Amino acid sequence: QSPKSRRNILSAFRAFLKWLKRRGEIREVPEIPLPKADEYEPRLLSAEEQDRVLAAIPVEERGIFLALACLGLRPGEARALTVADYHEGWLTVDKAFKGKQASSPVRGTKTGKPKTLPVDEELDAWIRRHGRLSPGETDACLFRNPRTGRAWTHHALVKVWRKALEAAGVPYVPLYEGTKHSFATDALRRGVPERVIQRFLGHASVTSTRRYARLADEALLGVLRPRPTSSIVVPPNALSGTSQGQARLRKKRGNTGGWQWAPWDSNPGPSA
């Protein structure tokens, strides 16, 4: 078992012991050290990569993937949406499949709280064209697998997602990370407030949302073009008169038009 699994099991056992203590079954709860588990680092898609993958999905199958990528829904939530959950450009998310099969039970969301989300233009147009919004089918699945006519299974979603990644020439990223995680990270990068994203994703605590802030910062760092250290050459005389630890250098344009390093207190010369 992984350290995270052992930590989760021991945490559950410790909670059980505390429950026994509250009932008076035991006098005290022994100390149970929890193993340190490194936080899992999800793989993300940029907005451009995500658009390419979505475009590679056949249009009749694309609706549920738009809901995952554009609304940050969990797969179980999107699979459980019915025609009645859509109303004039808004979706009510109040249930989810509790299993990966089309026959799995449907219960409340992970937090138990419903949320109503606005639908963007592309998804709204797809629902109006492919969602079969007939009054007599309010209990029918909003996103049906066109191959079976029934609710999507998790396996079928993953299979379509893999094929779309290959067709778009994008390295493999799991469905959950390429949609919900990537959606939240991009929203934070664009400056959307944490509380708004928390409500959108249905997080019980903003602490869960703040995890994406670090991922968004790392995504920004990924934009920087790496430069080899050897490309920065400091002339020996640039450090004359001062110790290497105290040296303050700047870049200046040389007479030939190229760049060179020079002491900070020397003649600045022409600026960039």
Side-chain angles (χ1 to χ4, degrees), residues 40-81 85-86 89-91 93 115-131 141-147 152-194 196-203 209 211-226:
Y40 174 69
E41 296 290 343
R43 287 167 282 179
L44 304 174
L45 293 180
S46 67
E48 294 76 12
E49 289 173 326
Q50 195 180 75
D51 286 344
R52 280 162 45 201
V53 175
L54 292 173
I57 297 174
V59 65
E60 65 274 10
E61 300 177 339
R62 193 178 301 162
I64 191 168
F65 294 95
L66 289 172
L68 297 174
C70 302
L71 299 180
L73 297 183
R74 298 178 178 90
E77 294 172 340
R79 291 168 52 217
L81 286 169
D85 294 324
Y86 170 82
W90 291 78
L91 275 175
V93 183
K115 56 186 178 182
T116 302
L117 304 176
V119 177
D120 73 348
E121 292 182 2
E122 185 177 6
L123 177 56
D124 189 60
W126 190 96
I127 291 175
R128 292 178 183 275
R129 183 171 181 179
H130 302 277
C141 291
L142 182 62
F143 301 116
R144 281 170 275 195
N145 185 339
R147 301 173 189 271
W152 283 87
T153 65
H154 188 83
H155 174 74
L157 287 178
V158 171
K159 185 176 180 180
V160 173
W161 178 255
R162 282 180 176 272
K163 289 182 63 176
L165 286 168
E166 294 175 3
V170 175
Y172 177 72
V173 173
L175 174 65
Y176 196 76
E177 298 172 14
T179 54
K180 184 174 183 289
H181 281 326
S182 297
F183 163 84
T185 304
D186 180 68
L188 276 168
R189 183 186 59 80
R190 290 185 284 109
V192 179
E194 286 181 349
V196 176
I197 299 175
Q198 177 190 3
R199 180 179 175 185
F200 227 93
L201 298 180
H203 286 159
T209 311
R211 180 183 179 214
Y212 295 108
R214 176 175 53 80
L215 296 175
D217 289 342
E218 291 176 358
L220 288 176
L221 289 173
V223 175
L224 297 177
R225 180 166 63 91

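Just so it is clear, the values below take in all heavy atoms, side chains as well, and ignore hydrogens, waters and symmetry mates. Fair warning: this is a prediction, and the values are worked out from it, not measured in the lab.
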Problem set entry | Val53, Leu175, Leu123 screened by side-chain contact (heavy atoms from CB on, under 4.5 Å) with Phe65, the one that passes |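 Answer after filtering Val53, Leu175, Leu123: Leu175.
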Exercise. Leu45 pairs by side-chain contact (heavy atoms from CB on, under 4.5 Å) with which of Asp186, Val170, Asp51?
Worked result: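 Looking at Asp186, Val170, Asp51, the match for Leu45 under the side-chain contact (heavy atoms from CB on, under 4.5 Å) is Val170.
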For this session: Determine, stepwise, if the pair Ile57 / Lys163 fulfils side-chain contact (heavy atoms from CB on, under 4.5 Å).
Result: CA-CA 8 Å; Ile57 297 174; Lys163 289 182 63 176; over 6 Å; no
[Y] backbone acceptor or donor facing [X] side chain under 3.5 Å:
| X | Y | result |
| --- | --- | --- |
| Arg43 | Pro174 | no |
| Ser182 | Glu177 | yes |
| Gln50 | Gly178 | yes |

Nearest-0.5 Å distance that lies between atom [atom1] in [X] and atom [atom2] in [Y]:
| X | Y | atom1 | atom2 | answer |
| --- | --- | --- | --- | --- |
| Glu166 | Arg162 | CD | CZ | 8.0 Å |
| Ser46 | Arg52 | OG | CZ | 7.5 Å |
| Arg62 | Phe143 | CZ | CZ | 13.0 Å |
| Leu71 | Lys115 | CG | NZ | 8.5 Å |

Can you name the nearest heavy-atom pair linking [X] to [Y], along with the distance?
| X | Y | value |
| --- | --- | --- |
| Leu68 | Ala78 | CD2-CB, 3.7 Å |
| Leu165 | Tyr172 | CD1-CD1, 3.7 Å |
| Ala167 | Ala56 | CB-CB, 4.0 Å |
| Pro75 | His154 | CB-ND1, 4.0 Å |
| Phe183 | Gly72 | CD2-CA, 3.6 Å |
| Pro146 | Trp152 | CD-CZ2, 3.9 Å |

[Y] and [X], any side-chain heavy atoms less than 4.5 Å apart:
| X | Y | result |
| --- | --- | --- |
| Tyr86 | Arg128 | yes |
| Asp85 | Leu142 | no |
| Leu117 | Trp90 | no |
| Arg74 | Tyr176 | yes |
| Ile64 | Leu157 | yes |
| Lys180 | Leu73 | no |
| Arg144 | Glu60 | no |
| Leu54 | Leu66 | yes |

For this session: Sequence neighbours left out, what passes salt bridge (Lys or Arg N to Asp or Glu O under 4.0 Å) with Glu49? Give chain and number order.
Result: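 In terms of salt bridge (Lys or Arg N to Asp or Glu O under 4.0 Å), with neighbours along the sequence ignored, Glu49 is linked to no residue.
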Exercise. Could you go step by step and tell me if Val93 and Leu81 meet the side-chain contact (heavy atoms from CB on, under 4.5 Å) rule?
Worked result: CA-CA 7 Å; Val93 183; Leu81 286 169; 4.2 Å; yes
